[in-house]
> 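Quick one: this structure, given as structure tokens, is what I'll be asking you about.
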Protein chains: 2
Amino acid sequence: MKRDSRLSGVLHVLLHMAQQPGPFTSETLAKAMDTNPVVIRRIMAGLRDLNYVRSEKGHGGGWTLACDLSKVTLRDVYAALGSPSLLAMGNRTEAPGCLVEQAVNAALDQAFDDAEALLLSRLGEVTLAMLGDDLRKRLGSRKLQGMSAHHA
Amino acid sequence: MKRDSRLSGVLHVLLHMAQQPGPFTSETLAKAMDTNPVVIRRIMAGLRDLNYVRSEKGHGGGWTLACDLSKVTLRDVYAALGSPSLLAMGNRTEAPGCLVEQAVNAALDQAFDDAEALLLSRLGEVTLAMLGDDLRKRLGSRKLQGMSAHHA
DNA sequence: GTTTCATGTAACTTCTTATGTTACATGATG
DNA sequence: CATCATGTAACATAAGAAGTTACATGAAAC
């Protein structure tokens, strides 16, 4: 597997859901994402546990948004996924006896920790509502582009 | 595989080499690192190509440091490894047609790029010589600890 | 010059983890 | 009760790092 794309995927789902009233079945969402319904259920499970979304069985069932989009940040969504590791690199050994390794770990950890902290901080600054606003802007400008193309 | 530990590993090797004159065989280094000689050769290949180290065959051969340790940063070493990906997460799709995905990617890329830039910057601030100095401090304080334990 | 030693590299195995898929149980709706 | 949808286990697939084996290349020692 190249890189973990669950955060990217689940945000895609949430943003799609924010564009129109639900509920949405896993199958519908899976088709929009070109993947499998089980994958959808899997990445949504954590968000359901935190009550960011709700799921209903049976006819008319599916997934529904259940949170204030202006209150939930990308960092919250990341946490709902179980906080998978952010960095692709790490130390060979944690808590090594070898002093050489300790010196290496100390230097790397400082850099790694800083980068992780910044990434989490950045994710914490962006709410789902802000993502939705950005999307609406993109939809608007596409519409304008279409009109100007029509006029040209 | 959990996480890429090549940077950690190769730094460990370099720091070991900086502690005493060489040359060191891959087998010696592998034993110190509790790994396989081929792994050593593999992670050292890029550094040899950049002339950070030299390797000699035959009797008395092995690896030798061939650079000014105060001029080479951890970032240089990282680059010598082929600049493997730093982040464990990424976008589901690059250059997507879907506007939703574009909005998600834009938000995530901003956070990801910032974190990567910070990490590279931090790695660029630390030279191998600084790592060596830190190691010597650790060796010194261990000696002191041993002495005070002896006095106690 | 032949033996020994060491690197260089290809090929294969093993391990881990995200992702894709199948199968089936659970529960809600008509 | 039949249908629909989620919940989840189990298994398959894929990618990459790390470990291992095998052998070629070349240098030094004898």
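All chains are named by letter (A, B, ...) in the order of the sequence lines, taking the proteins before the strands, and each is independently numbered beginning at 1.
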> On the nucleotide dA18(C), are OP1 or OP2 found under 4.0 Å from the side-chain N or O atoms that R6(A) carries?
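Yes.
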
> Given that K57(B) and S5(A) both sit by DNA chain C, which one's nearest nucleotide is further toward the 5' end?
K57(B)

> Just how far, in rounded Å, is C1' of dG19(D) from CG of D34(B)?
11 Å

> So that I can tick it off, tell me whether D134(A) and R138(A) are bridged by a salt bridge, with the cut-off set at under 4.0 angstrom between side-chain N and carboxylate O.
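Here R138(A) pairs with D134(A) in a salt bridge, since their nearest N and O are under 4.0 Å apart.
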
> Pick out which of T127(B), L131(B), V126(B) makes a side chain to side chain contact (heavy atoms under 4.5 Å, CB included) with T73(B).
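Option passing the side chain to side chain contact (heavy atoms under 4.5 Å, CB included) with T73(B): T127(B).
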
> Output yes when at least one side-chain N/O atom of R48(B) is less than 4.0 Å from OP1 or OP2 of dT9(C), else no.
yes

> Counting only side-chain nitrogens and oxygens, does T25(A) get under 4.0 Å of the OP1 or OP2 atom of dA5(D)?
no

> Look at S55(B) and dG8(C) and indicate whether a side-chain polar atom (N or O) is within less than 4.0 Å of OP1 or OP2.
yes

> Do T25(A) and T28(A) have a side chain donor and acceptor closer than 3.5 Å?
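Distance-only check passes for T25(A) and T28(A).
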
> Taking CG from L47(B) and P from dG8(C), how many angstroms apart are they, rounded to a whole number?
12 Å

> Between P on dA6(C) and CE on M44(B), what's the gap in Å once rounded to a whole number?
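Rounded to the whole Å, the gap is 16 Å.
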
> Classify the nucleic acid contact of G62(B) as base, sugar-phosphate or nothing, counting any heavy atom under 4.0 Å across all strands shown.
sugar-phosphate

> In whole angstrom, what separates R3(B)'s CZ from dA18(D)'s C1'?
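Taking atom C1' of dA18(D) as the reference, CZ of R3(B) is at 16 Å.
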
> Going by the side chain to side chain contact (heavy atoms under 4.5 Å, CB included) test, name the single residue among L128(B), L120(B), L14(B) that passes it with L74(B).
L128(B)

> Rounding to a whole Å, what distance do you find between D4(A):CG and dG16(D):P?
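Atom-to-atom, D4(A) to dG16(D), this comes out as 15 Å.
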
> Separation of R92(A) atom CZ from dG19(D) atom P, in whole Å?
8 Å

> Nearest to the side chain of V38(A) - dT22(C), dA18(D), dT9(C)?
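Nearest listed nucleotide: dT22(C).
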
> Would you say S26(A) reaches dT6(D)'s phosphate, i.e. side-chain N/O to OP1/OP2 under 4.0 Å?
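Yes, S26(A) has a side-chain N/O under 4.0 Å of OP1/OP2 on dT6(D).
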
> Under 4.5 Å between side-chain heavy atoms, hopping through other hydrophobics if needed: is there a path connecting V77(A) to L69(A)?
yes

> Find the distance E27(A):CD to dG20(C):C1' and express it as a whole number of Å.
15 Å

> Check whether any side-chain N or O of R41(B) sits under 4.0 Å from OP1 or OP2 of dT7(C), and answer yes or no.
yes

> Considering heavy-atom distances to DNA chain D, does H59(B) or N36(B) have its closest nucleotide positioned more toward the 5' end?
N36(B)

> How many whole angstroms separate atom CD1 of I40(B) from atom P of dA17(D)?
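One finds 17 Å between P of dA17(D) and CD1 of I40(B), rounded.
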
